[in-house]
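What follows is a single structure, written as structure tokens, with notes after it.
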Amino acid sequence: MSIFYNDKQRSFRLDAKDTSYMMKYTEEGYLCHVYYGKKVPDEDLGYLLRFDESPRTPLENNRDRATFLDTTPFEYSCFGIGDYREAAFKILDDKGMTAVDLRYKSHRIYKGKPELEGMPATFATDESGCETLEITMEDKPSGLEAVLVYTAFDKLDVITRSVRVNNVGSRSIQLTRVLSACIDFDTDKFDMITLNGSWARERAVERCRLHHGKQLIDSIKGESSHQNNPFVALCDNNTDEDRGEVFGFNFVYSGNFFAQAEVTQHKKTRFVMGINPLDFTWLLEPGETFTAPEVVMVHSDEGLGKMSRTFHDLYRGNLIRGEYKDKRRPILINNWEATYFNFDTEKIISIAREASKLGIEMLVMDDGWFGHRDSDNSSLGDWFVYEKKIQGGLKYLVDEVNKLGMKFGLWFEPEMISPDSDLYRAHPDWAIQIEGRPLTMSREQYVLDYSNKDVRDYIYSMMRKILDSANIEYIKWDMNRQFTEIGSNFLPANRQRELWHRYVLGVYDVMNRLTTDYPHILLENCSGGGARFDPGMLYYSPQIWCSDDTDAIERLKIQHGTSMCYPCSAMGAHVSDCPNHTVGRNTPFRTRGHVAMVGTFGYELDVTRIPQEDRDSIPAQIEEFNKYNTLVRTGDHYRIGNVFEDNTWDAWMFVSKDKTDALLEFVQVLARPNERSRRIKLKGLDPDAYYYEESEPDRKISGAALMNAGINIAKIWGADGISGDFASKILHFIKT
Ligand code: GLA
């Protein structure tokens with residue numbers, strides 16, 4: 001049992017593996033947050049609330065009620081009743097009023113974890129031992145009930161939250177914000193860690209000390225975005241990679257989000273996370289329900305590293321699904337950086353022919369195979385084969401690739417429509433738009449109105465025709481622009497502001513159909529690189545393209561940031577050609593391989609044209625990938641270097657769960673003069689065991705020594721004997 005209710009104290013305690021989370025409601029029904037942190041045995045810590053401080057509680061003393069409510073640690077804060085901090089819940093009722101006051105009504109505790117209708121969420125498995133608490137709160141005047149849903153994971157330091165709002169009354173109510181989580185911490189001594197960036201430099205780690213006022217990240221672009229990832233960690237000022245307390249929050253959602261830490265007048269911190277309330281309203285008619293997406297909360301008392309490993313375990317075991325969940329992914333070669341739009345059947349076959357000889361297992365044909373697409377200015381929505389380029393048809397091409405012993409994968413961008421397309425000419429009203437306003441283009445395309453089921457049905461039926469026409473075993477689902485002129489020709493005026501969220505639900509609907517109808521297809525998400533690298537997408541696709549920046553050195557930062565909460569097994573990472581197409585940098589082919597090995601691994605280059613020496617090294621590179629892939633996919637990940645703090649080197653490890661096998665990867669980003677070696681301390685090993693490095697079987701070193709004293713990594717000289725910049729090395733430690 002992991003959830004306890006004490007009737008006398010009106011208190012709840014949820015225990016995850018080594019975490020406790022406690023709440024209590026007052027006689028008046030206010031649900032208060034009591035504690036979140038390392039596991040404690042006590043049933044009730046109600047003494048922490050001011051309610052118990054005097055026989056006459058401030059709530060009974062009506063004179064001070066508002067002042068008091070502004071400091072009460074509400075578990076789900078409501079707007080308009082005297083709590084002036086950020087609200088989690090706000091409405092606009094049929095009389096134009098916005099106040100709402102949720103009070104405890106009832107609760108239930110049950111085994112397992114419910115699904116969220118139409119939305120991604122983590123799930124229970126036979127092993128995970130989940131228990132769920134649902135607390136029903138009511139606001140009698142509006143007729144609304146909010147069901148706060150909490151699940152505690154027995155074997156992980158994870159608690160998830162979501163909210164269901166039911167209109168059980170007789171009035172039409174507009175919901176103007178329904179955040180998914182709100183937590184009042186009793187301190188302001190926090191640093192806030194976020195993952196921010198831009199196209200080609202996604203998820204850079206930023207850390208800042210909280211100060212009075214509100215510090216937030218959000219997206220209002222229609223997707224989770226390149227700029228801010230829906231992840232926040234709040235940690236003690238002294239927390240580092242291996243020590244200190246940290247609370248990690250990740251939103252299982254792929255659209256507009258909002259995450260904010262607010263330091264209040266009394267130096268406490270309120271953290272909220274959910275769908276961005278900006279430009280959001282949802283009309284809830286009597287009898288209807290609205291469900292807010294899930295927030296995953298991870299607690300660690302051993303620094304950021306343990307927080308990340310908990311997220312990784314949760315997502316690998318309890319979020320990612322499908323045939324490839326626990327499988328090595330085929331080594332693919334993608335023609336995007338090889339050809340861009342300039343290819344035809346012969347070119348694709350020539351790449352496949354060469355790739356197959358080297359041990360590459362799948363050919364992915366990227367953008368440009370449909371409609372009459374020769375550049376990014378046409379044909380999105382016309383999901384039929386561009387015969388001029390794909391001479392002989394798709395089936396012929398796929399068969400030829402299959403004959404080479406390779407699988408075949410295909411690129412789609414199903415959410416978009418080009419003004420120059422048959423689809424747009426037939427259905428200009430299917431684009432998201434506002435009548436009477438010019439439609440803003442981005443990458444010469446518009447966004448399809450996925451709130452409209454007809455649009456979804458049509459696009460999906462076209463995709464099906466293609467998928468049924470040939471042996472397609474992989475899809476790259478891309479999404480390449482943000483939203484403007486947010487209006488739908490399909491929704492009535494009083495539901496227009498629902499479009500943002502209905503769009504995301506529409507995308508989930510089509511992804512759900514696709515993964516149900518084609519369970520054998522490996523789905524990889526992508527959004528102009530990594531603009532939708534979020535847990536919502538991971539529920540449908542076991543891997544996501546990290547970034548359009550494939551430079552090995554830029555990738556150190558991108559993959560370090562991504563690993564904060566997403567597992568390496570999900571990171572789309574390829575070896576590409578040099579000079580790199582995004583930054584113009586030249587790096588050794590070997591380093592590019594070592595960096596791509598951290599993720600799903602593949603190639604993104606014209607294998608018929610790269611230097612012979614690089615081509616020759618591919619079979620050995622693949623062998624190396626194969627040797628370590630199980631460890632990378634299933635092991636524990638430890639960050640050792642931090643390129644955000646010192647960009648002259650980086651290192652990380654993967655350690656098998658039983659600690660018998662460990663891989664250390666090291667990148668000497670810049671060779672430093674007058675330095676013969678660097679001392680690196682290993683992590684995650686068994687201190688009591690002895691290990692040897694594979695190339696030195698006779699030298700046994702204890703795990704304790706490897707972790708506390710470390711090893712020396714000698715300066716790496718470049719192949720030319722002069723420059724060792726961007727050089728890399730891997731070491732394999734095996735338990736004796
Ligand atoms: C996006 C993707 C790329 C590629 C192009 C094709 O930018 O991130 O990998 O697929 O689209 O247009």
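Atom set for the values below is all heavy atoms of this structure, side chains included, hydrogens, waters and symmetry mates excluded. Order of listing sets the numbers, starting from 1, for every ligand and every atom in it.
- The minimum heavy-atom distance between Gln543 and Ser569, with the atom names listed, is CB-O, 4.5 Å.
- Minimum interatomic distance between Arg456 and Tyr450 (heavy atoms only, all atoms of both residues): NH1-O, 2.8 Å.
- Of all the heavy atoms of Arg443, the ones lying under 4.0 Å from any atom of ligand 1 belong exclusively to the side chain.
- Here's the thing with Gly529: one of its N/O atoms is less than 3.5 angstrom from an N/O atom of ligand 1.
- Close approach of ligand 1 to Lys476 is summarised as follows: ligand atoms under 4.0 Å from at least one heavy atom of the residue are 3 (C), 4 (C), 9 (O), 10 (O).
- Taking 4.0 Å as the cut-off, Asp548 counts as a neighbour of ligand 1 on heavy-atom distance.
- Aromatic ring orientation, Tyr508 versus Tyr253: perpendicular (interplanar angle above 60°, classes split at 30° and 60°).
- A distance of 6.0 Å separates CE in Met406 from CD1 in Ile360, rounded to the nearest 0.5 Å.
- Interface of Cys526 with ligand 1, defined as ligand atoms under 4.0 Å from a residue heavy atom, comprises 2 (C), 8 (O).
- Of all non-hydrogen atoms in Ala531 and Ser224, the two that sit nearest each other are O-OG, 3.4 Å.
- Proximity annotation for atom 4 (C) of ligand 1: of Asp366, Asp367, Thr550, Asp366 comes nearest, heavy atoms only.
- In this structure, Gln612 places its CD atom where more than 12 heavy-atom neighbours from other residues, nucleotides or ligands lie under 6.0 Å away.
- Between Tyr386 and His372, the ring planes are perpendicular. Angles over 60° get that label, and only those under 30° would be called parallel.
- For ligand 1, none of its N or O atoms has an N or O atom of Arg373 under 3.5 Å away.
- The residue Glu413 has no part lying near ligand 1, judged by heavy-atom distances below 4.0 Å.
- Here the heavy atom of the protein found nearest to atom 11 (O) of ligand 1 is Asp478 OD2, 2.9 Å.
- Heavy-atom contacts of Asn480 reach the following atoms of ligand 1: 1 (C), 7 (O), 11 (O) (cutoff under 4.0 Å).
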